[in-house]
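Residue numbers start from 1 in every chain, and the chains themselves are labelled A, B, ... in the order their sequence lines are given, proteins ahead of strands. In this text the structure is predicted, and so the values were computed from the model without any measurement. What's counted below: heavy atoms across the whole structure, side chains too, no hydrogens, waters or symmetry copies.
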Amino acid sequence: MSDGNQNGLGKVFIDGLWTNNNIFVQLLGMCPTLAVTTSAENGIGMGLATAAVLLGSNVCISAIRKFIPGDVRIPAFIVVIASFVTIVDLLMNAFWYDLYQKLGIFIPLIVVNCVILGRAEAFASKNGVVASAVDGISMGLGFTLALLVLGGVREVLGSGQFLGMDVVGQSFHPAVTFVLPPGAFIALGFILAGYRVIRQWQDKRAEEAEAARRNAATGGTQPITA
Amino acid sequence: MPDILKMGLVLTVVGLVCTGFLALVEQKTREPIAAAKQAEIEKSLKAVLPQGYDNQPVVDAAEFADKRLNAKASPVKFYRARKGSETLGAAFVVTAPDGYAGDIAIMMAVAPGGTVLGAEIVAHKETPGLGDKYNHPWIDAFQGKTLKSVKWGVKKDGGDFSNKTGATVTPRAIVKAVKRGLEFYAENEANILAPAPAASPPAAPAKAGG
């Protein structure tokens, strides 16, 4: 994991964004995921705020990982994470006031989002600064992607809008359930099912490609022997 | 023992460095945050006050406290809009304590004489898709109303304000809150519109303005 070469970083990136996505695969951080995604804008805002905290805490924790005794690493990590959350909270309050009002209590609650501490424990405390930064960005973007999809689906189905613009005709009657809590669970369930379908298709294609490559390799040797 | 000392030292250093950074960021964002809050107030003031005032209502404000404005009777700022020597009206926030989910804060503006100029929801926690449909254009129904010109209640209770099926708690709370705000205004109009920026709190209820 700790290899710093291009291929390794690329894998770290794809891992966070897609293959090991913390919503679609690990099902971490469900509280903000389900609670704030009543619209695509909320999803993006929450995702980016979390991504910023992830990037900051990953880099910071990775940089100080060698000085922190193992027994006190959790409190040290939490102090670092809480500081970044407070910084993001203040910055959003100052420069993105509308969204700050909408997300309300869920911004300070990023502190207890297990995605952040999870990455600090599982990745940043064992890897270099560059790899940890890539991991923070990709995990953060993966989280944002998941929240955007969930928020978008709920906004379209629940209020007939996307990013505040009307996207469905007059004949479509929005189902309010989707912006209410039950809709979050229902929509997430279908999105996870969709994700599994795509992943299975991807795996199958990868297998076929692998088989074809092996075939081609053996096929390539045949003419020589013939 | 040295282990304990090292742990304590590390945690202390981490805490100190983080606190330092936070203090710095807090200092840098203090003004933008105040400005953002101010801009938010100005935006809702613009929405409820009539065009053409030439003072700064945000500065020309007086504070009053009353149970009718919010349940805790905490001070409420009354922003006065004036054009030259003429007073166009005052805007203030009334809080309805009896919404479906917590408080509903409503910015309302009243013209001298007690006519509602406009109202706008500034904060609420009502059910998305149901209770939160009561902003514009529904809330524009308050425009031009006085205490006596309409029956203050929702249609379901025999009043004059429409309500949507399945969501009567929210409009009921809003109508009641605006009415209470109007009553408070009528009783204290002289004090509310007084030119001094720091008007005295309403001691004895002044003669109702009308």
Short side-chain to backbone donor-acceptor contact, B:Thr146 and B:Gly114, under 3.5 Å:
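Judged by distance alone, no pair lies under 3.5 Å.
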Exercise. Within the side chain of B:Asn55, is there an N or O that forms a donor-acceptor pair under 3.5 Å with the backbone of B:Arg80?
Worked result: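 Yes.
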**OP:** With a 4.5 angstrom heavy-atom cut-off, could you sort out which part of B:Lys37 is near chain A: side chain, backbone, both or neither?
**Re:**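 For B:Lys37, heavy atoms of backbone and side chain both lie under 4.5 Å from chain A.
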Open item on the list: Taking side chain as everything from C-beta outward and backbone as N, CA, C, O, which of these in B:Glu26 sits under 4.5 Å from a heavy atom of chain A? Side chain, backbone, both or neither.
Closed with: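 B:Glu26 touches chain A through backbone and side-chain heavy atoms alike.
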Any heavy-atom pair between the side chains of A:Pro32 and A:Asn113 that's under 4.5 Å?
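The answer is yes; the side chains approach within 4.5 Å.
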With only heavy atoms counted, which part of A:Phe67 is less than 4.5 Å from chain B, the side chain, the backbone, both or neither?
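Just the backbone, heavy atoms under 4.5 Å.
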Q | chain B contact via A:Phe84 - side chain, backbone, both or neither, heavy atoms under 4.5 Å | A |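 Neither part.
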Cut-off 3.5 Å, side chains only: do A:Ser125 and A:Arg65 have a donor facing an acceptor?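 No - no donor-acceptor pair under 3.5 Å links their side chains.
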